[in-house]
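Reading through the structure tokens given below for one structure.
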Amino acid sequence: MTSSHFLSLWRIVLAVTVLCVALFLAVSPAPASAPPVPLSNEAYDLIAEVNALRAANGLPPYNVHPILMQIAQAHSEYQAAIGSVTHYGPNGERPYQRALAAGYPVAGDLSRGGFFSENIMGGPNLSPEAVVAAWQGDAPHLNTMLSPNLQDVGAGVARSGDYVYYTLDAGLASGSSVSYTPSGDATASPPEGSPTAVIIIPNTPKPDGSIVHIVQPGETLWAIAVAYGVTVDELIALNRLSNAIIYPGDTLLIGLAYTATPEPPTATATLRPTRTPLPFYTITPTAPTASLTPTPTHLATTVLSPRAGATTVIAIVFSALVLAAVLTRMSARREE
């Protein structure tokens with residue numbers, strides 16, 4: 001084999017190799033989406049913010065409990081995975097049930113949820129400071145942070161894209177004694193079974209298309225935004241709020257009224273006298289024309305598995321090498 005034959009064969013093999021690599025990349029499966037990213041530092045920052053709030057209200061700090069840290073982090077990652085905020089776990093478990101299953105002995109009457117309370121929140125690029133500030137806007141969430149009956153705490157934070165999901169679990173273990181004595185204030189937080197979420201029923205639009213919502217006790221701005229399918233930023237801009245804190249009785253504008261589009265005046269047609277039409281004859285066909293019914297065409301879609309794709313690539317490589325050898329041999333004979 002001459003050097004020109006070898007060079008021709010080398011060019012053919014190189015071209016076939018590049019083609020096979022491109023085909024292999026085409027049939028390779030796409031990489032899976034990235035899992036939720038846990039943010040451990042933000043979880044401890046959240047606890048620090050809550051304990052600072054407790055200190056400002058004359059309450060002792062919560063004790064960081066490893067089991068509560070575990071279940072709070074798992075629940076934040078679950079919410080990030082489904083892209084929604086919820087107090088219920090993958091199998092419908094409530095917060096105190098997740099704590100019991102993990103080994104935390106929740107004190108109190110378990111039929112009422114025991115001495116256990118949970119706060120959750122999710123939003124774009126939320127910080128621990130913003131979350132604690134938002135939770136102060138209603139009594140149930142504030143009770144979770146300022147309860148005189150709870151002693152242990154755990155927090156979890158996870159990110160999915162630009163959305164951050166927070167969970168705060170506070171509880172009292174069986175056998176614990178509450179050292180803090182309430183001051184007798186009538187507004188003191190109730191004991192076990194305190195609600196941590198309020199079901200919001202969206203209002204229907206008015207005749208002009210506008211939607212308003214009257215804030216009820218226990219409702220937060222992010223919960224209202226979720227109920228109406230809008231964002232917190234949209235509600236803040238629409239109602240010109242300086243922050244995300246709202247109070248019961250506030251009136252929030254959810255949607256603007258429709259803007260009527262003026263219609264151009266309709267021209268009045270001028271009627272002209274018409275002639276009496278001449279009679280004409282209609283020819284009736286002797287036999288009805290058969291209607292054509294289109295026949296649906298079924299297209300078969302073939303999906304190649306990764307193994308089938310690899311087999312196809314190997315077959316192409318082998319065929320290309322055989323073809324290159326034949327062509328090179330034929331070229332050598334012509335030159336001889």
Side-chain angles (χ1 to χ4, degrees), residues 38-76 79 85 87 95 99 104 107 115-159 163-173 176-192 194-197 217-223 232 236 241-248:
L39 305 173
S40 57
N41 291 337
E42 283 80 352
Y44 285 99
D45 291 342
L46 181 65
I47 295 176
E49 290 291 327
V50 171
N51 280 337
L53 180 65
R54 290 179 63 84
N57 287 269
L59 294 169
Y62 279 145
N63 301 316
V64 178
H65 197 285
I67 293 181
L68 299 188
M69 292 293 293
Q70 174 188 346
I71 64 172
Q73 182 61 42
H75 192 60
S76 287
Q79 293 177 98
V85 290
H87 283 291
Y104 182 82
F115 285 95
F116 202 87
S117 188
E118 178 178 88
N119 284 0
I120 56 175
M121 190 172 188
N125 300 317
L126 284 174
S127 65
E129 297 83 1
V131 172
V132 172
W135 282 341
Q136 296 180 57
D138 62 83
H141 291 87
L142 187 62
N143 173 67
T144 303
M145 299 185 292
L146 298 181
S147 173
N149 304 303
L150 306 178
Q151 291 183 344
D152 301 322
V153 73
V157 188
R159 177 185 292 272
Y163 253 69
V164 188
Y165 295 85
Y166 288 84
T167 302
L168 182 76
D169 285 325
L172 179 69
S176 302
S177 59
V178 180
S179 58
Y180 175 78
T181 303
S183 60
D185 185 359
T187 61
S189 56
E192 51 196 304
S194 301
T196 57
E219 295 180 351
T220 59
L221 196 63
W222 67 267
V232 173
I236 291 177
L241 301 175
S242 59
N243 49 47
I245 299 177
I246 55 177
Y247 299 95

Distance-only, no hydrogens or angles: does the Gln73 side chain make a donor-acceptor pair with backbone N or O of Val157 under 3.5 Å?
->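 Judged by distance alone, yes, a pair lies under 3.5 Å.
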N/O donor-acceptor pair under 3.5 Å between Asp169 side chain and Glu118 backbone =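 Not at all, since once roles are kept as given, no pair shorter than 3.5 Å links the two residues.
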Please work out whether the ring planes of Tyr104 and His65 are parallel, tilted or perpendicular, with thresholds of 30° and 60°.
->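 Correct class here is perpendicular.
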In Å, rounded to the nearest 0.5 Å, how long is the span from CG of Leu150 to CG of Asn63?
->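 Atom-to-atom, Leu150:CG and Asn63:CG are 11.5 Å apart.
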Take Leu172 and Asp152, measure what side-chain contact (heavy atoms from CB on, under 4.5 Å) needs, and give me the verdict at the end.
-> CA-CA 6 Å; Leu172 179 69; Asp152 301 322; over 6 Å; no
Would you mind writing out the side-chain donor-acceptor pairs for residues 121-134 within the sub-3.5 Å range, not counting sequence neighbours?
residue, atom, partner, partner atom, Å
Asn125, OD1, Arg159, NH1, 3.3
Ser127, OG, Glu129, OE1, 3.3
Ser127, OG, Ala130, N, 3.2

Partner residues of Ala155 under the side chain to side chain contact (heavy atoms under 4.5 Å, CB included) criterion, sequence neighbours left out =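 Ala155 satisfies side chain to side chain contact (heavy atoms under 4.5 Å, CB included) with Ala43, Leu46, Ile47, Leu168 only.
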Option from Val153, Asn57, Val50 for which side-chain contact (heavy atoms from CB on, under 4.5 Å) with Met145 holds =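 For Met145, the side-chain contact (heavy atoms from CB on, under 4.5 Å) check succeeds only for Val50.
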Are Tyr166 and Ile120 side-chain neighbours, meaning at least one heavy-atom pair lies under 4.5 Å?
->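 Side-chain contact under 4.5 Å: no.
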Is there a side-chain contact between Leu59 and Leu53 (heavy atoms, below 4.5 Å)?
->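 SC-SC contact between Leu59 and Leu53 ruled out.
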Would you list the pairs meeting side chain to side chain donor-acceptor pair (under 3.5 Å) in which at least one residue belongs to residues 45-55, sequence neighbours left out?
->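 Sorted pair list: Arg54-Tyr62.
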Taking every non-hydrogen atom, the tightest pair across Asn119 and Pro140 |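 For Asn119 versus Pro140, the nearest heavy atoms are OD1-O, 4.4 Å.
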Might you point out which heavy atoms bring Ala99 and Leu68 nearest each other, and give the distance in Å?
->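 Result for this residue pair: CB-CD2, 4.5 Å.
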Partner set under side-chain hydrogen bond (donor to acceptor under 3.5 Å, both in side chains) for Tyr165, not counting sequence neighbours =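 side-chain hydrogen bond (donor to acceptor under 3.5 Å, both in side chains) list for Tyr165, sorted by chain: empty.
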Under the side-chain hydrogen bond (donor to acceptor under 3.5 Å, both in side chains) test, which residues partner Thr167, sequence neighbours left out?
->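 By the side-chain hydrogen bond (donor to acceptor under 3.5 Å, both in side chains) rule, Thr167 matches Ser76, Gln79.
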